[in-house]
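Everything below concerns the one structure shown next.
For clarity, every value in this text was computed on a predicted model and none was experimentally measured.
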Amino acid sequence: MAVLLSPAWPPAGWGIPVVVAGLSCLVGGWRRRRRAYLWMGWVLAGVGLAVVHAAGMLAAQLPPRLEGAEMQVTGRVVSLVDRADGRLMFDFRVDPEATQPGALRGALLRLAWHAREGTSPAAVAPGERWQLRVRVRAPRGVRNPGGFDAERHALAAGRVADGQVRSPADARRITTGSSIDAWRERMAARIEAGVPAPSSRFIRALALGDTRGVSDQDWYLLRANGLTHLIAISGFHVGLVAGFAALLCQGLWWLWPGLGRSIPRPLAAGLAAVAGAAVYAAVAGFALPTVRTVLMIAVVVLSRLARERSAQVDALSIAAIVVLLVDPLAVLGAGFWLSFAGVAWLMWCLPVATRRPVRAFLLAQGVVTVGLLPLSVALFGQASLAGPIANLVAVPWWSLVVVPLVLAGTALDGVWAGAGVWAWRLGAWCFDLTWPLFEHLGGSRLALAWLPDSSWVAVPMAVLGAFWMLLPRGLPGKPLAALLWLPLLWPAKDLPAHGELEMQVLDVGQGLAIVVRTAGHVLLYDAGPLGRSGHDAGERIVVPALHGLGIRRLDRIMLSHADADHAGGLAATRSAFDTDTLVAPHQSGIEGATACVAGDAWAWDGVWFEVLHPTPFFPYLGNESSCVLRISSPHGRVLLTGDIGTIIEQRLLRMSPQRLGAEVVVVPHHGSNGSSSPSFIEAVGARHAIVSTAHGNHFRHPRPEIVARWSQAGAAWHDTAVTGAVRVGLSREGVDVESRRRAQRRGWDAEARRRAASVPP
């Protein structure tokens with residue numbers, strides 16, 4: 001944690017001396033029997049190992065100088081192939097031979113194969129070896145409040161680069177598939193063909209860890225019910241399989257006692273548990289949560305077979321150490337914390353087995369709900385209020401009825417094709433009995449509570465509060481423990497005071513979404529892009545960012561114009577948030593919108609909003625009809641320009657040049673050559689120029705000459721592709737501009753790597 005969660009990571013060369021120093025302290029501690037030396041040795045050795053591993057993983061990623069390069073690679077498809085919207089997505093392991101490009105030798109890539117006009121991608125199957133020409137780039141994500149950190153996810157998964165298949169006509173299949181993933185693909189096709197019910201997608205997820213058919217709406221309902229840990233193959237399911245394997249082995253030894261002469265029953269049961277867990281992890285494609293669980297089970301079994309009397313907490317600690325020795329980056333994932341913390345809470349609160357299983361199950365649900373709530377809020381920014389109720393039904397029914405039927409069907413069909421269809425269908429029927437209940441619970445607005453980002457001290461305080469609440473009955477003062485939850489559940493929102501303004505230019509890629517807050521109102525200017533591949537920035541970026549900022553409703557949504565990069569996320573945003581008013585240019589085709597017309601103005605909490613363009617009866621001309629909004633406060637002014645070009649800039653200069661002045665401007669049309677004329681820049685006189693673009697976009701926005709114009713005019717330049725989301729505050733202290741990447745530094749930050757390599761953006 002000390003290394004991986006630090007703002008910057010030291011070079012790998014620093015880790016080796018620290019490891020040597022730690023080992024020296026350990027040797028000295030053993031010789032002199034000094035406990036302090038032993039503690040120091042373990043700490044230094046752990047820090048050094050983390051430095052070496054983290055820096056090594058970071059160094060293995062694609063060098064910034066090769067960003068956008070095209071290379072010819074040969075390798076194997078090592079995942080299931082996701083087919084959607086005319087494209088393929090799959091993991092590709094490059095061969096380690098010397099004939100491959102040095103930066104990609106043996107590397108794991110995530111490749112996209114897009115359909116070209118009049119063509120479709122080739123049939124790619126797991127396990128096949130291909131020769132492909134790919135354009136690669138280092139894993140890179142957007143950085144926003146409440147957002148998903150794609151760069152951390154890629155690092156933890158060991159992914160070196162992302163890429164696109166180029167020159168499809170030159171792609172060549174070398175061999176057909178013969179891996180475990182190829183078997184999983186064939187089995188998924190059998191389930192899809194054999195189970196006609198819509199719940200077939202969930203049967204594939206439970207049987208094979210294949211979540212390709214689970215939609216975003218399905219995931220939302222699962223999160224709202226707190227059931228995501230049950231629907232895909234997880235550590236919980238691996239533990240169930242291990243338990244079933246051990247019980248089956250013990251049953252065989254009970255039927256044929258003579259087997260005990262060869263292998264004692266406890267040894268056989270332990271080995272069966274490990275083998276069953278390993279096989280099921282292989283069926284899941286060796287996903288990280290399943291591998292961690294296999295390691296934990298193996299540690300417990302080995303400690304039992306060694307006949308060493310040890311406390312449960314010792315076994316859990318050893319399992320955590322083994323997991324971190326194998327994968328130190330596991331601390332970056334939510335699964336590590338939730339699994340170990342959940343087991344630890346149960347060990348502490350329910351240490352003794354009971355003959356009242358129903359009561360024990362209810363107590364376990366209560367312990368896990370209270371104990372893991374602080375982590376769930378900190379990791380995901382949300383809590384499921386329906387989770388305890390849903391889990392009371394789903395945990396016993398899915399785990400003891402649906403999952404065994406699904407596994408039985410998979411095992412039977414693996415032996416004889418078609419033999420397991422009856423079990424799959426019965427499992428789907430049993431699943432369908434409960435799904436309407438979860439749809440009803442998840443459809444309630446009270447099911448999922450979104451909580452704003454809180455300070456780092458809020459989580460330890462909430463954990464202490466949970467500890468206090470779970471202490472034995474009779475301890476006085478337990479209601480006071482609720483006070484320790486307040487910083488996490490009701491954090492300070494730091495809202496602007498009367499007459500002040502806060503603006504967040506979100507990092508949405510090649511598009512625009514701006515959140516403007518006054519003391520008591522919220523305006524959303526544009527809603528982010530909707531990509532051709534189905535990527536909805538409204539759902540994946542704008543909505544989580546609004547939740548992360550603690551916003552519960554929108555007083556007004558203003559769309560600059562109807563292009564997909566500005567209005568694409570509108571539907572997702574409106575479905576998640578109530579809004580009083582929707583404004584867009586006249587004849588833009590936005591359903592339910594009132595016209596945005598120059599002269600419209602309103603005041604919120606001492607802040608004045610005024611529309612400067614389009615004028616009345618101005619025809620809808622796409623970019624040129626963008627709503628231009630000027631926001632004025634006693635502490636400064638902001639100009640939002642949409643995608644207007646030089647023609648509209650000159651029109652504004654002729655009509656109302658005195659109204660263009662602003663301390664902060666969002667640069668027109670993402671910094672294209674057709675905007676930001678010198679006279680317009682001079683009239684605005686901005687101290688800060690902000691542009692919203694995607695890293696490496698094919699439009700090559702912003703243009704270098706536009707950046708130079710604003711910079712020469714004295715404006716500090718901020719590009720969301722480089723800085724992440726940009727926060728602007730207009731307060732009594734003046735104008736404050738802060739970037740997300742600079743305010744919340746990360747050791748794995750892709751932009752920091754680019755700057756360190758002195759590669760121009």
Side-chain angles (χ1 to χ4, degrees), residues 503 505 508 510-516 521-530 537-538 542 553-575 577-604 607-632 637-660 662 665-670 672 674-677 680 683-684 692:
M503 181 176 76
V505 182
V508 295
Q510 194 66 21
L512 188 64
I514 302 172
V515 183
V516 180
H521 295 82
V522 181
L523 164 73
L524 178 65
Y525 182 92
D526 284 341
L530 177 65
V542 178
R553 68 185 312 278
L554 298 171
D555 296 283
R556 182 173 298 213
I557 298 177
M558 176 176 285
L559 298 178
S560 62
H561 58 300
D563 285 3
D565 58 333
H566 291 250
L570 175 64
T573 304
R574 294 188 74 183
S575 66
F577 291 90
D578 292 330
T579 183
D580 291 336
T581 308
L582 174 64
V583 179
H586 180 58
Q587 296 181 338
S588 60
I590 303 296
E591 185 177 354
T594 58
C596 165
V597 179
D600 291 347
W602 69 96
W604 282 345
V607 179
W608 185 253
F609 296 77
E610 182 181 8
V611 177
L612 304 183
H613 180 76
T615 53
F617 310 110
F618 191 90
Y620 183 71
L621 301 175
N623 291 346
E624 306 300 349
S625 300
S626 294
C627 298
V628 178
L629 181 67
R630 185 173 185 253
I631 309 173
S632 305
R637 298 154 298 175
V638 175
L639 185 65
L640 309 182
T641 59
D643 275 357
I644 63 172
T646 54
I647 295 176
I648 302 302
E649 291 175 359
Q650 298 306 311
R651 181 184 176 92
L652 289 171
L653 285 170
R654 290 193 303 270
M655 295 178 61
S656 53
Q658 71 283 358
R659 294 183 178 178
L660 294 179
V665 62
V666 176
V667 175
H669 201 196
H670 315 288
S672 71
S675 61
S676 297
S677 60
F680 180 78
V684 173
S692 178

Keeping the roles fixed (side chain from Ser626, backbone from His561), state whether a donor-acceptor pair exists under 3.5 Å. no

Flag side-chain contact, heavy atom, 4.5 Å: Ile514 against Asp526: no

Sub-4.5 Å side-chain heavy-atom contact between Met558 and Leu640: no

Separation of Ile648 CD1 from Asp643 CG (nearest 0.5 Å): 12.0 Å

Nearest atoms (heavy-atom pairs only) where Ala584 meets Cys627: C-SG, 4.2 Å

Drop me the distance from Ile590's CD1 to Leu559's CG, to the nearest 0.5 angstrom. 5.5 Å

Please name the pair of heavy atoms, one in Ser625 and one in Pro619, separated by the smallest distance, quoted to 0.1 Å. OG-O, 3.0 Å

Quick one: does Leu512's side chain get under 4.5 Å of Val666's, heavy atoms only? yes

Looking at NE2 of His669 and CG of Asn623, how far apart are the two atoms once the value is rounded to the nearest 0.5 Å? 4.5 Å

Do you know which two heavy atoms are closest between Cys596 and Pro585, and how far apart they sit? CB-N, 4.1 Å

Val516 side chain near Phe609 side chain, heavy-atom distance below 4.5 Å: yes

With sequence neighbours left out, the residues meeting salt bridge (charged side-chain N to carboxylate O under 4.0 Å, His left out) with Arg630 are none

Can any side-chain N or O of Glu649 pair as donor or acceptor with the backbone N or O of Ser676 at less than 3.5 Å? yes

Within the structure provided, determine whether Val597 and Val611 are in side-chain contact (heavy-atom separation under 4.5 Å). no

Mark yes or no for whether Tyr620, through its side chain, and Ala562, through its backbone, hold a donor-acceptor pair below 3.5 Å. yes

Has the side chain of Ser632 got a donor or acceptor atom that lies under 3.5 Å from a matching backbone atom of Arg637? no

Are Leu612 and Leu639 side-chain neighbours, meaning at least one heavy-atom pair lies under 4.5 Å? yes

Less than 4.5 Å apart, side chain to side chain, heavy atoms only: is that true for Thr615 and Met655? yes

Can you pull the side-chain hydrogen bond (donor to acceptor under 3.5 Å, both in side chains) pairs that have at least one residue in residues 582-604, sequence neighbours excluded? none

Provide the closest heavy-atom pair for Pro668 versus Ile644 in the form atom of the first, atom of the second, distance. CB-O, 3.5 Å

Which residues share a salt bridge (charged side-chain N to carboxylate O under 4.0 Å, His left out) with Glu610, sequence neighbours left out: Arg659

Minimum-distance pair of heavy atoms, taken over all atoms of Ala513 and Ala527: CB-C, 4.1 Å

Residue list, side-chain hydrogen bond (donor to acceptor under 3.5 Å, both in side chains) with Thr646, at least two apart or on another chain: none

Looking only at non-hydrogen atoms, find the nearest pair between Glu624 and Phe618 and report the distance. O-CE2, 3.8 Å

Would you mind listing every salt bridge (charged side-chain N to carboxylate O under 4.0 Å, His left out) that reaches into residues 553-573, with sequence neighbours excluded? Arg553-Asp555, Arg553-Asp580

Contact between Val522 and Leu524 at the side-chain level, heavy atoms closer than 4.5 Å - yes or no? no

Can you sort out the partners of His613 under side-chain hydrogen bond (donor to acceptor under 3.5 Å, both in side chains), two or more places apart, ordered by chain and number? none

Should Leu523 and Leu629 be marked as a side chain to side chain contact (heavy atoms under 4.5 Å, CB included) after you check the CA-CA gap, both sets of side-chain angles, and the distance that decides it? CA-CA 11 Å; Leu523 164 73; Leu629 181 67; 3.6 Å; yes

